Every structure is written in structure tokens, then in C-alpha cells.
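To start, the structure under review is shown below, and the notes come after it.
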Amino acid sequence: MDKIKTIRGMHDIHGLEFLHQKQIIELFESVANNFNFKPIATPIMEFNEIFVRTLGLSSDVVMKEMYTLLDRNNQKLTLRPEGTAGIARAIISSGLTQDIPLKFYYYGPMFRYERPQKGRLRQFTQVGVEVYANSNIEKDFEVISLAEKFLKDLNIRDNLTLKINNLGNWEDRKTYTKELKKYYSEFKNDLSEDSIIRLEKNPLRILDSKNLEDIEVNKNAPKINEYLSDNNKSIFIRLKAMLEDFNISFEEDPFLVRGLDYYSNTIFEFALKTDSKFAILAGGTYDNLISELGGPKLSGTGWAAGLERLTQLVDFMEKDSQQILIVPLEKKFINAAYEIRQIFLNTKFSSEVIINKNLKKSLKYGNKISADYAILIGEEEINNKIYTIKNLNTGNQNKVKKSLILEFFENA
RNA sequence: GCGACUGUAGCUCAGUUGGUUAGAGCGCUGGUUUGUGGUACCGGAGGCCGUGGGUUCGAAACCCAUCAGUCGCCCCA
């Protein structure tokens with residue numbers, strides 16, 4: 001029997017890392033609430049087909065990265081690789097199409113069967129938002145400005161570049177892809193090995209290749225904006241104008257492409273300035289997602305951000321609440337200690353009772369957990385009904401009546 | 001899916017060209033006249049040297065496989 005261990009790319013989260021993640025999620029929730037988005041949680045497993053139909057059979061995620069398992073009934077179930085498909089399914093199967101516009105936020109674990117490396121795990125966490133509406137809401141702008149606010153509040157916006165592009169609708173893309181194929185075929189000998197495969201599979205992906213030879217070929221490749229329909233062109237122009245009006249800095253990137261097939265029209269990503277292929281938050285519009293799953297024609301826009309990637313970027317301020325250690329000096333004072341403990345139970349203070357053979361040990365424990373105060377309870381304190389409060393940072397001690405203890409800490 | 005490097009106590013690592021009962025620091029735990037710590041001293045526990053196989057009189061060290069970690073590529077958040 002092998003040593004017990006976690007599954008590859010799946011880790012336990014505890015201590016500081018847990019608290020950091022929690023802090024980001026709480027901030028995310030408050031920003032989303034501020035934009036009047038509502039929470040939603042969908043199951044972490046769906047029928048395999050949900051993802052195959054939405055993400056696209058040819059996408060890498062579906063082809064080689066899905067955690068698909070058979071249950072006891074031989075049904076093909078998949079651990080969700082992303083959040084959008086499940087929410088789209090929920091909108092249809094819960095009849096939420098009666099309530100549009102819909103503005104949702106979510107967070108939770110996602111699963112992708114990939115080789116673990118920097119910023120990539122098999123189980124990871126995404127926070128994300130979705131807007132489903134017809135034309136009465138500026139979805140793209142709404143969702144991007146939410147992201148902007150979120151990243152600013154995290155104090156990492158300056159590390160990131162917002163890149164945007166418009167892929168056009170299905171028709172636009174079809175003609176564009178044809179043109180691309182034609183162009184790349186002429187330069188087939190100059191393309192990288194990977195891109196020669198892409199040429200057959202999905203020529204759009206050659207555009208965001210990081211291979212130097214490909215980048216050279218890309219310089220003269222036809223640009224998507226030349227193939228946009230008038231309607232999509234004006235959507236894109238309006239979005240850019242709004243971003244400018246509201247001081248959201250961005251770069252138009254005609255080479256920006258997304259790997260999931262459901263995107264159309266606007267796509268965007270916030271990527272590291274220092275490593276532009278490392279996306280922190282990314283998303284776009286999906287015009288055909290709901291209808292693809294058998295629902296009505298309803299367009300959505302959304303994004304997702306990798307919580308673990310965010311955690312690596314954010315500078316956390318350790319805002320620990322005041323920790324108070326309650327130390328009975330002998331066993332017979334334990335009850336008295338817990339009575340003092342009662343004082344703190346409905347306050348912002350964290351407190352605990354610890355008893356050791358001697359005070360030294362207890363104070364050492366206080367150092368270990370970096371407690372701020374120790375309340376000492378011994379013969380003297382019990383007899384005089386006055387408790388000794390020791391500030392563990394300064395070493396100062398005060399004698400305080402029981403009825404004034406809470407007041408003491410509130411003013412400390 | 002492809003590639004590089006790594007895998008010795010809870011953590012960070014030593015372990016000499018293969019040679020007896022595998023080491024350190026930190027941490028943990030117990031004690032040092034039993035009411036004062038964060039900066040003292042003494043003791044203790046804790047490792048089938050990732051796992052399985054092979055080479056050898058002998059392997060933590062060499063070979064193979066496998067699992068895991070880190071980092072690239074593909075792709076993605």
C-alpha cells in the first residue's frame with residue numbers, strides 16, 4: 001500500500017493560504033453585490049454532454065483535459081472544467097429564462113486534467129460572473145467594469161493589461177477563418193509544427209501563437225476587424241468608446257483568441273504585464289450558448305478569474321483580530337477562566353483558555369499563536385476580583401475588574 | 001499529450017569514489033525550586049531514505065519502472 005496522499009494537482013488548503021483565498025472571495029462577493037449581481041451555485045458535476053456541446057468537441061479542454069467518470073449507473077459524468085456551461089444549463093433547466101436580465105456571480109472548484117505547473121492545478125478555484133440579457137443592458141461594459149473594480153480593490157490592476165478583441169458572430173468568423181486558412185496555407189513552410197496542426201484544426205489559434213516564426217507570419221495575416229459585420233463593428237466601437245469614457249485602460253489586440261468554442265463577438269482578458277500569456281481573468285460573450293443547449297436565443301457575457309493565480313499576486317495585509325489568551329494558573333481556576341471567556345463570545349475578539357503546568361509554558365504558547373493579550377487568573381485575582389491583563393507585545397500589565405474587562409479591550 | 005530537473009524526520013537540508021545501529025538546524029514533546037514569555041540549559045520522540053523491481057557480498061547512493069513535486073511546451077484561469 002502506497003503512502004496516503006492527495007491526487008496529483010489537488011492540494012489541501014489551510015492556514016494562511018486558506019485565509020488569503022477567503023479574503024479575496026469576500027471582496028469579490030462585495031464587489032459583485034455592489035453591481036447588483038446575485039449568487040448562484042451549480043453542482044460540480046454535470047452530464048458529460050453539457051460540456052462537450054458548449055465548449056466544443058475540438059477544444060483542448062474537451063479533447064484532453066476533462067475529468068470524466070462513469071457512475072454506478074454507467075452514466076458519463078464530468079467534473080466541471082469551468083463555470084459557464086453549468087450556469088447556462090441551470091438557466092434552461094430551472095426556467096430562469098423567464099427572469100431576464102440575469103446577473104450572476106459564482107465561485108468554486110473547477111477541474112482540469114492537466115500537467116500541474118506554475119499557476120495551474122488539476123483542482124483550482126474560479127470566481128466569475130455571468131450576465132444574460134438582450135439589448136437592454138450593456139453586458140460587455142457591465143462585466144468588464146466589474147472586473148476592473150475587483151482588480152483595483154485587490155490592488156493588482158497596475159500589474160495587468162486588459163486586452164480586448166471582437167471575434168465577430170458565427171458568420172463573420174466563418175468567412176474570416178476561410179481567409180486565414182488561405183493566407184496561412186501560402187506560408188505553410190514558415191509555420192511552426194504546432195501551427196501546421198492548428199491550420200487544420202482551428203486556424204484562429206495560430207494568431208496567438210508565441211512561436212517567433214509564427215509571430216512573423218502573423219504580422220501580415222488578415223485581421224478579424226476587416227471581416228466584422230456592420231452591427232458587430234459598431235458594438236465593438238461602442239464598447240471601446242465606453243471604456244475610454246470611464247478611464248478603463250485597454251489594448252485592442254487583434255491576435256487575442258479564446259480556446260473555448262462558445263465565445264463570439266467581444267472577448268477580453270486581464271493578463272500579466274510581465275508575462276502576457278499568463279491570464280488572470282478572462283472572458284467574453286456567448287451568443288449561441290443557450291440555444292446550443294436547447295434554450296431560446298439569449299446572449300450572455302461573463303468572465304472567470306483563477307483564485308490561486310490572484311492569491312499569488314495580491315499583497316495581503318495580515319489584519320488579524322485581537323487574540324486574547326485566558327490563563328488559569330491552577331486547575332481549580334478553570335471555571336473562573338471560562339467565565340471570563342463568556343465575556344468575549346459575542347464580541348470581535350478571539351479568545352481561548354489554555355492551562356499548562358506553569359505560566360511560562362502558557363506565555364510561550366501565547367507567543368506561538370501570536371496572541372496580543374493574556375489574562376492571568378490565580379489566587380490573587382480570584383480573592384480580589386481583579387484580573388491581571390498582560391499585553392504580550394509590550395509586556396505591560398494592568399489590573400482590571402471583571403465588569404470592566406470588555407471595556408478595557410475595546411479601548412485598547 | 002511532450003520535455004527538463006527533483007524526491008532523505010512536520011519543515012529546510014547534510015550524507016564524501018556504493019561499506020557496520022542514517023545526521024544537523026528549526027519545529028514538536030518532557031524537565032530545569034511550582035505567578036511572567038518572545039532571546040537560557042538538559043533530555044525525548046519522530047525516517048522501511050516516495051513506491052516497486054533489478055545490479056552487487058553489500059544500495060539512501062548505480063540501472064529500470066511507477067507515483068508525486070517544481071518548471072517549460074501545448075492549452076488555459
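Chain letters run A, B, ... following the sequence lines, proteins first and then strands; every chain starts at 1. Worth saying up front: this structure is predicted, and the values here are computed from it rather than measured.
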Nearest whole angstrom, please: distance from the P of B:G1 to the CG of A:Asp60. 13 Å

If you measure from the C1' atom in B:G52 to the same atom in B:C67, how many Å do you get, rounded? 10 Å

Under 4.0 Å between any heavy atoms, over every strand shown, what does A:Glu269 touch: base, sugar-phosphate, or nothing? Just pick one. nothing

Looking at CD1 of A:Ile290 and NZ of A:Lys297, how far apart are the two atoms once the value is rounded to the nearest 0.5 Å? 10.5 Å

Does the ring of A:Phe51 carry A:Arg80 above it, NZ/CZ under 6.0 angstrom from centre and within 45° of its axis? no

Rounded C1' spacing from B:U56 to B:G18 in Å: 9 Å

Just wondering, more than 12 heavy atoms not from A:Gln75 lying within 6.0 Å of its CD? yes

Between B:C74, B:G38, B:C75, which nucleotide has the shortest distance from any of its atoms to the side chain of A:Glu65? B:C75

If you check the A:Asn367 side chain, which of B:G37, B:C75, B:C73 turns out closest? B:G37

If you find the nucleotide of RNA chain B closest to A:Lys64 and the one closest to A:Ala305, which residue's nucleotide is nearer the 5' end? A:Lys64

NZ/NE/NH1/NH2 to OD/OE distance under 4.0 Å, A:Arg122 and A:Glu114: no

Have a look at A:Leu310 and say if it touches a base, only the backbone sugar-phosphate, or nothing, with a 4.0 Å heavy-atom cut-off. nothing

Measuring only the P atom in each nucleotide, how far is B:A9 from B:C49? A whole number of Å is fine. 9 Å

Distance check, C1' atoms only: B:G47 and B:C28, in whole angstrom units. 15 Å

How many Å lie between CD on A:Glu380 and P on B:U36, as a whole number? 12 Å

Measure CD1/A:Ile197 against C1'/B:C74 and give the value in whole Å, please. 10 Å

Atom pair CG/CZ of A:Leu289 and A:Arg53 - distance to nearest 0.5 Å: 10.5 Å

Side chain of A:Lys368: nearest nucleotide among B:C28, B:C74, B:G35? B:C28

Which residue, A:Arg122 or A:Gly395, contacts RNA chain B at a nucleotide closer to its 5' end, judged by nearest heavy atom? A:Gly395

B:U36 base to A:Gln397 side chain: any donor-acceptor pair below 3.5 Å? yes

Would A:Glu142 and A:Lys139 pass as an ion pair if we require N to O under 4.0 Å? no

Under 4.0 angstrom, heavy atoms only, what part of the nucleic acid is A:Glu193 near: base, sugar-phosphate, or nothing? nothing

Atom pair distance, as rounded to whole Å: CG in A:Leu329 and P in B:G37: 13 Å

Candidate nucleotides B:C74, B:U70, B:G35, ranked by approach to the side chain of A:Arg198 - the nearest: B:C74

Within the sub-3.5 Å range, which N or O atoms of nucleotides 4-6 of chain B have a protein N or O partner, and how far apart are they?
none

Using a heavy-atom cut-off of 4.0 Å across all strands, would you classify A:Leu325 as base, sugar-phosphate, or nothing? nothing

Rounded distance in Å - CG (A:Asp275) to C1' (B:A77): 13 Å

Of the listed B:C75, B:G69, B:A77, the closest approach to the A:Tyr263 side chain comes from B:A77

Without decimals, in angstroms, what is the distance between A:Met66 CE and B:A77 P? 15 Å

Distance, P atom - from B:C63 to B:A22, rounded to whole angstrom: 24 Å

Checking side-chain polar atoms at under 3.5 Å, does A:Asp172 have a donor or acceptor matched by the opposite partner on A:Asn232? yes

Would you indicate what A:Glu114 reaches in the nucleic acid, counting non-hydrogen atoms under 4.0 angstrom: base, sugar-phosphate, or nothing? base

Let's see if you can work this out: which of B:A77, B:C67, B:G37 has an atom nearest to the side-chain heavy atoms of A:Lys390? B:G37

Below 3.5 Å, can you tabulate the donor-acceptor pairs from side chains in residues 397-407 of chain A to any protein atom, sequence neighbours excluded?
residue  : atom : partner  : partner atom : Å
A:Gln397 : OE1  : A:Lys390 : NZ           : 3.4
A:Lys399 : NZ   : A:Glu380 : OE2          : 2.8

Scan the side chains in residues 349-357 of chain A for donor-acceptor partners under 3.5 Å anywhere in the protein, sequence neighbours excluded, and list what turns up.
residue  : atom : partner  : partner atom : Å
A:Ser350 : OG   : A:Ser321 : OG           : 3.0
A:Ser351 : OG   : A:Arg341 : NE           : 3.2
A:Glu352 : OE1  : A:Tyr365 : OH           : 3.1
A:Glu352 : OE2  : A:Tyr365 : OH           : 3.4
A:Asn356 : ND2  : A:Ser362 : OG           : 3.3

Mind checking the P distance from B:U51 to B:G43? Whole angstroms is fine. 32 Å

Over all strands shown, is A:Glu82 touching base, sugar-phosphate only, or nothing at heavy-atom distances under 4.0 angstrom? nothing

P gap between B:U70 and B:U34, integer Å: 48 Å

Gap between atoms CD and C1', on A:Gln312 and B:C71 respectively (whole Å): 13 Å

Restricting to salt bridge (charged side-chain N to carboxylate O under 4.0 Å, His left out), what partner residues turn up for A:Lys188, sequence neighbours left out? none

Dot-bracket line, read 5' to 3' along RNA chain B, where crossing pairs take [ ] and | marks a partner on another strand, Watson-Crick or G-U under 3.5 Å: (((((((..((((.....[...)))).(((((.......))))).....(((((..]....))))))))))))....

Salt-bridge contact A:Glu148-A:Lys152 (side-chain N to carboxylate O under 4.0 Å): yes

Output yes when at least one side-chain N/O atom of A:Arg120 is less than 4.0 Å from OP1 or OP2 of B:C71, else no. no

Checking all strands, does A:Gly283 fall into the base, sugar-phosphate, or nothing category for heavy-atom contacts under 4.0 angstrom? nothing

Between A:Phe250 and A:Phe268, is a ring pair (Phe, Tyr, Trp, His ring centres under 6.0 Å) present by the stated rule, with each step listed? CA-CA 9 Å; A:Phe250 66 93; A:Phe268 57 88; over 10 Å; no

Using a heavy-atom cut-off of 4.0 Å across all strands, would you classify A:Gly366 as base, sugar-phosphate, or nothing? nothing

Integer angstrom distance from the C1' of B:U29 to that of B:G10: 13 Å

Identify, residue by residue, the members of residues 355-364 of chain A with a heavy atom below 4.0 Å from RNA chain B, and return them in order of residue number, or none. A:Lys357, A:Leu359, A:Lys360, A:Lys361, A:Leu363, A:Lys364

Atom-to-atom span, CG of A:Leu256 to P of B:A77 - whole angstrom: 11 Å

In terms of side-chain heavy atoms, does A:Tyr184 have a donor or acceptor partner in A:Asn218 at a distance below 3.5 Å? yes

Using a strict 4.0 Å threshold on nitrogen-to-oxygen distance, state whether A:Lys103 and A:Glu130 make a salt bridge. no

For A:Phe236, is the NZ or CZ atom of A:Lys240 found under 6.0 angstrom from the centre of its six-membered ring and inside 45 degrees of the ring axis? yes

